[in-house]
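Step one of this worksheet: look at the structure below.
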Amino acid sequence: MMIKTVIKGDIVFQKEPTKFVTIKSGYITIENGKIASVSDALKVDGDYEFLDFDGKLVVPGLVDTHLHAPQNAFRGTDMDLELIDWLNKSPFSEEAKYSGAEYAEKAYGIFTEGLKNSATTRACIFATIHKDATVLIMNMLEDSGLVTYVGKVNMDRNSPDALTEKSADRSIIDTVSVIEATKNLKNTKPIITPRFTPSCSDELMKKLGILRQKYGLPVQSHLSENLGEIELVKFLHPEVDFYAQTYDNNGLFGKSLNGESFKTVMAHCVWSGDGERKLIKDNGVYIAHSPISNLNLSSGIAPVRRFLNEGLKVTLATDVAGGHTKSMFSVMVSCVQVSKMYWRLVDQTLPPITFAEAFYMATAAGGEFFGKVGRFESGYDADILVLDDGVIPSCTTLSPDNRLERYAYLNGDLRSGGICAKFVKGKRIF
Ligand code: GUN
Ligand code: FE
């Protein structure tokens, strides 16, 4: 039987990056988990469920293309360090704790509940090296109704003992056991996750490339984030022209060694030079721009306008806990803000990113990593947020798209976050 739902509200969505389309008191029809129509008139026949959110904003769900679940526990601490010192102090000591089932259960329970209640509908998530804890969080996320990719992290060098896998083979065997243990999950899928080049031996990278191809999986990692990290990669790999080749030479950068394409998302790319950006484009690699993390870890400002001018695929990410907040609305705001500073202080030929462009990156652009996601168009998955911006008192009258921008900027001011309903693939999460 066809299940139909109609949502009524002030609909704000995009067909292109630079503009919003608004329909005041409009209707979205959902059929079998997918958007069927978006209209100013009620267009549905037969039985349907009617959800009246008149006066509230109805917008696409937000896609966070890069965050670390185990780092949720220390968000907002040790924020006075740069990347490599910070990794050694906070993430590495925290992530070692996930060898224990009891700690993992508690911490991942808090993480999953937080993500479920946030504006995020889809996410690409790093777990830790531990297979049992990774299977555990994947099952928790499956129960949440969110759609996610989750990676068991691979690392076999330059890391503390507790986080150094005993061999490349051990790392591969544990990765396979996560893939096998989660193969029946519908909404929670594995993703190959070399942490970053400094923590993965050549042998491990090579074997991950082979494993990726065998199972046809996507890839996530970090790239050209911070100057200290890039120096380290140069020292470890004098043979390459630029950092991305350390992934690409092993079939882990959007194209396998036989030329087959697969989805890859690389966090940051703050310092990617001409050759690296060309490879990102040629291989269709998605960039996970994480401006809040880049500020916190003094990584720099990614030249997003240049990326867009060159036709690269730019998505947005919190990078919890390099980024202290899980709010994708805050990430959009920072994306606009840092682009203004880049334009003002670094390169006046690269105009700032607008709020519409930032919203598009967090919805349509990030959604593409997951398939037909992130747009209010017929046939797309019905990932929808209903926002109650009436919780921000004001006596001015604003257009729905101005209300959305104000909601993004002021969301930290809201008592309850102001999200009154969330749907993923047409299923109501809360
Ligand atoms: N590079 C390698 N590991 C990490 C991490 O956990 N966070 C960030 N921001 N960068 C990394
Ligand atoms: Fe990260």
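Both ligands and their constituent atoms are indexed starting at 1 by order of listing. This structure is a prediction, so every number in the text was calculated from the model and none was measured. Only this structure's heavy atoms are used, side chains among them; waters, hydrogens and symmetry mates stay out.
Of the charged side-chain nitrogens involved, at least one lies within less than 4.0 Å of a carboxylate oxygen, so that Glu94 and Lys97 count as a salt-bridged pair. Comment: Lys89 does not engage Asp85 in a salt bridge, judged by the lack of any side-chain N to carboxylate O separation of less than 4.0 angstrom. A salt bridge does not link Asp156 to Lys207: none of the charged side-chain nitrogens sits closer than 4.0 Å to a carboxylate oxygen.
Annotation: side chain of Glu95 is in contact with side chain of Arg195 (closest heavy-atom distance under 4.5 Å). Taking the side chain as every heavy atom from C-beta outward, Pro60 and Tyr380 never approach each other to under 4.5 Å.
Residues satisfying the side-chain hydrogen bond (donor to acceptor under 3.5 Å, both in side chains) test with Ser256, not counting sequence neighbours, are Asn258. Lys152 meets the salt bridge (Lys or Arg N to Asp or Glu O under 4.0 Å) test with Glu165; sequence neighbours excluded.
Take the Fe ion (ligand 2) and draw a sphere of radius 2.8 Å; the protein N/O/S atoms inside it number 4.
Classified by interplanar angle (parallel below 30°, tilted 30° to 60°, perpendicular above 60°), the ring pair Tyr247/Phe253 is parallel.
A centroid separation of 6.0 Å or more is found between the aromatic rings of Tyr103 and His130.
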Could you check ligand 1 for N or O atoms lying under 3.5 Å from protein N or O atoms and list the pairs with distances?
from, atom 1, to, atom 2, distance (Å)
ligand 1, 3 (N), Arg195, NE, 2.8
ligand 1, 6 (O), Gln71, NE2, 2.8
ligand 1, 6 (O), Arg195, NH2, 2.7
ligand 1, 9 (N), Glu225, OE2, 2.9
ligand 1, 9 (N), Asp319, OD2, 2.8
ligand 1, 10 (N), His222, NE2, 3.4
ligand 1, 10 (N), Glu225, OE1, 2.7
ligand 1, 10 (N), Glu225, OE2, 3.4

